[in-house]
Amino acid sequence: MRSSSIGRRTRTLLVAAATVPLFVLAACSGGGDDSRASNAAPTDGTLTVGLLGDIGQPPDPDVYYANNGLAIVLNTYEGLVQYANDKDSVEIAPRLATSWDVNPDNTVFTFHLREGVTFHDGTPFTSAAVKVAFDRRTAVEGGAAYMVEGVKDVATPDDLTAVVTLSSPNSAFLDYLASPFGPKMESPTALAANAGSDDAQTYLQTHDVGTGPYTIAESQPGTSWTLKRYDGYWGEKSPFTTVELPIFTDASALQLAFDQGDVSAVVAALPSSSLKKYEGSDDYASYMLPTLQSALVTVNPTKEFFKSQQARLAFLQSIDQESLVQQVLGSRSEPATTLYAKGMIPGGADKQELTYDPSVMEAYAKTLPAGTAMTIGFASGNTNAEQMANIQAAKLQALGIKATAASYPTSQVFGWINDPTQGPDAFFDGNNGPDGGSPYMWGHVFWDASGGINYFGCEVPEVNAKLDQAVATGDDALYVAAAQEYAETGCYYNLSYNKDWVLAQKWLTGVEESHNIGANELDFSKLGIQG
């Protein structure tokens, strides 16, 4: 099921930047508080999770479409299903739906809803809220609205049953709902009371109307967010009654606050260059947790340097994948051997056949005029991608090519699709991934020009057609065929399987149990204090 609206995605996994709250700098620079230096567990019920950079968008689940703010969205709202926590593979798990049935042609999904759930305003959660939530997502028309575009009807035969009928078969529909960006349930009462003229978008810039374990208590956009535990929550309750989310301007300030015990946990925010300090440390806990994300290389076929398929493949073959991944990303990644994310296709049938052979690029370089220039891009602020781009540029320089590495702001990166000739010759993506665990969601975003992360518009109509056929039935053989055909373009290299690097104080428990493969965030309700 393709969607035109997915092409409007501007999800920003690429960068993080914002202002620094002064109180944070003061806390970080003091360095003389012995009680904090001990990194002891808090006694006031407050968990502090540091964010690197402003969340960028309001934490409205129908608007928010980035990564940094998922800490707020996923702890204040819940969907019908989610990916299972503490798993290294994609597995749909219950959330507000305890079970579900799917008809043979993937058009009718019947959800059996959890009893005893209430929204933060006290409104009981019933099947009526499912239709309201789907309708609002369509009306707001944010980046992830495509997930409900195929919904033809939501029937509510009783309060605890919702029957969703799609206009055409879609085997990825449960993945849409399990995605961290998937539709979340919102109090119909609160939405109506605060609707205003924009479907409550103004209200949800600083409030929430969800069922999650926490609710927004205070918001200072660009500076900090404060969550309070919702004591009416249906699930397990953490000892943390308050969660503080201060925003840091750069990694060094965040790292210093963590070292001093002012921050309890840091999720996927520090660069790989900091790994050595924490791995194997007796003072801190360091976790490498599975994700669907990868480092990727994208090649621009509109540039003269890469006008032929042979030139593109020669460039990709000149990348020493194993060495580059080990040197730059270290233990938070491993070289990718498949064309989709790790484990997306059973048995690894989507094998990536590209092999390291620098002699091919060397031969191509000899055909070029002396001093031929080319540019390898990376996203501003992404130190891992910057390092990889610099290493590869140096290799090309040794062949007599005038290769340079250059940084680009996110807004410019996502604008290249409108005129790929304005982009660099190639682009190193330090960390990126699909919205969910279906191979369709991967193939569509990276290989279809309308998918949102195919920066240079390199696409093959036959590949798009195969993906569309495959999503109807979930046919893995078709997904594999689509991937292999796209790989032949020389526009794409799945460089590494990345992991979420989570740093935590030693007293914090439940980190692995609170993490799932679909999101770079933790479920705070599952965290606790040791002993």
Side-chain angles (χ1 to χ4, degrees), residues 294-325 335-337 339 351-379 385-408 412-413 416-430 432 443 446-449 451 453-464 482-496:
S294 289
L296 300 153
V297 182
T298 308
V299 178
N300 189 344
T302 70
K303 307 295 280 191
E304 181 67 19
F305 193 90
F306 287 132
K307 63 183 179 183
S308 71
Q309 176 204 35
Q310 290 75 16
R312 298 191 291 270
L313 288 171
F315 173 73
L316 297 183
Q317 285 181 275
S318 74
I319 297 171
D320 188 348
Q321 180 197 26
E322 191 164 337
S323 172
L324 196 62
V325 171
T337 60
L339 293 163
K351 186 177 179 182
Q352 186 165 241
E353 300 288 354
L354 205 59
T355 55
Y356 175 52
D357 185 355
S359 67
V360 184
M361 187 66 202
E362 186 176 354
Y364 175 60
K366 290 177 180 175
T367 70
L368 300 172
T372 294
M374 64 88 71
T375 304
I376 302 174
F378 59 90
E386 179 179 3
Q387 192 175 354
M388 289 189 284
N390 278 320
I391 291 171
Q392 188 61 24
K395 291 184 68 172
L396 297 187
Q397 289 165 8
L399 299 178
I401 297 168
K402 192 177 178 182
T404 56
S407 68
Y408 297 88
Q412 193 171 351
V413 172
W416 290 334
I417 188 63
N418 299 316
D419 183 2
T421 64
Q422 298 303 306
D425 297 87
F427 186 77
F428 274 75
D429 219 341
N432 219 328
F446 290 120
W447 306 334
D448 185 333
I453 317 182
N454 185 342
Y455 306 121
F456 304 129
C458 179
E459 69 173 358
V460 180
E462 292 78 9
V463 170
N464 296 342
Q484 292 171 338
E485 187 168 350
Y486 189 76
E488 292 174 1
T489 63
C491 292
Y492 166 89
Y493 196 171
N494 187 13
L495 201 57
S496 67

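Residue numbers count from 1 along this sequence.
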pair F315-L396: side-chain heavy atoms closer than 4.5 Å: yes
Could you tell me which non-hydrogen atom of Q321 sits nearest to which non-hydrogen atom of L495, and how far apart they are? NE2-O, 2.8 Å
Quick one: pull up CD1 in I319 and CD1 in I391 and give me the separation to the nearest 0.5 Å. 11.5 Å
What heavy-atom pair brings P420 and N300 nearest, and what distance separates the two atoms? O-ND2, 2.8 Å
Please answer whether the main-chain N or O of A394 pairs with a side-chain N or O of N390 as donor and acceptor at a distance below 3.5 Å. no
Which atom of D429 lies closest to which atom of A385, heavy atoms considered: C-CB, 4.5 Å
Kindly say whether the aromatic ring centers of Y492 and F456 come within a distance under 6.0 Å. no
Once rounded to the nearest 0.5 Å, what's the spacing between atom CD of Q317 and atom CE of M361? 11.0 Å
Counting N and O atoms only, with roles assigned by atom type, does the side chain of K303 sit under 3.5 Å from a partner on the main chain of A426, one being a donor and the other an acceptor? no
Hey, what do you get for CG (L339) to CD (E485), rounding to the nearest 0.5 Å? 12.5 Å
Got C491 and F306 here, is their nearest side-chain heavy-atom distance under 4.5 Å? no
Kindly assign one of parallel, tilted or perpendicular to the pair Y486 and W447, based on the angle between their ring planes and the thresholds 30° and 60°. parallel
On a heavy-atom basis, which atom in N494 and which in A336 lie closest, and how many Å separate them? O-CB, 3.2 Å
Return the CE to CD1 distance between M374 and I401, rounded to the nearest 0.5 Å. 7.0 Å
Least distance between heavy atoms, L316 atom then Y493 atom: O-CE1, 3.6 Å
Qualifying side chain to side chain donor-acceptor pair (under 3.5 Å) pairs with a residue from residues 393-407, counting only residues at least two apart or across chains: Y356-K395
Within residues 305-314 or reaching into it, pairs that qualify as salt bridge (charged side-chain N to carboxylate O under 4.0 Å, His left out) - sequence neighbours excluded: E304-K307
Pairs involving residues 353-372, ordered by first then second residue, that meet salt bridge (charged side-chain N to carboxylate O under 4.0 Å, His left out) (sequence neighbours left out): none
Applying side-chain hydrogen bond (donor to acceptor under 3.5 Å, both in side chains) to S318 and Q392, what does each step give before you reach the verdict? CA-CA 8 Å; S318 74; Q392 188 61 24; 2.9 Å; yes
Is the closest side-chain heavy-atom distance between V297 and F428 below 4.5 Å? yes
Give, for atom OH of Y408 and atom CH2 of W416, the distance between the pair rounded to the nearest 0.5 Å. 5.5 Å
Shortest non-hydrogen contact from G457 to A449? CA-CB, 4.1 Å
Can you tell me if CD on E322 sees more than 12 non-hydrogen neighbours from other groups inside 6.0 Å? no
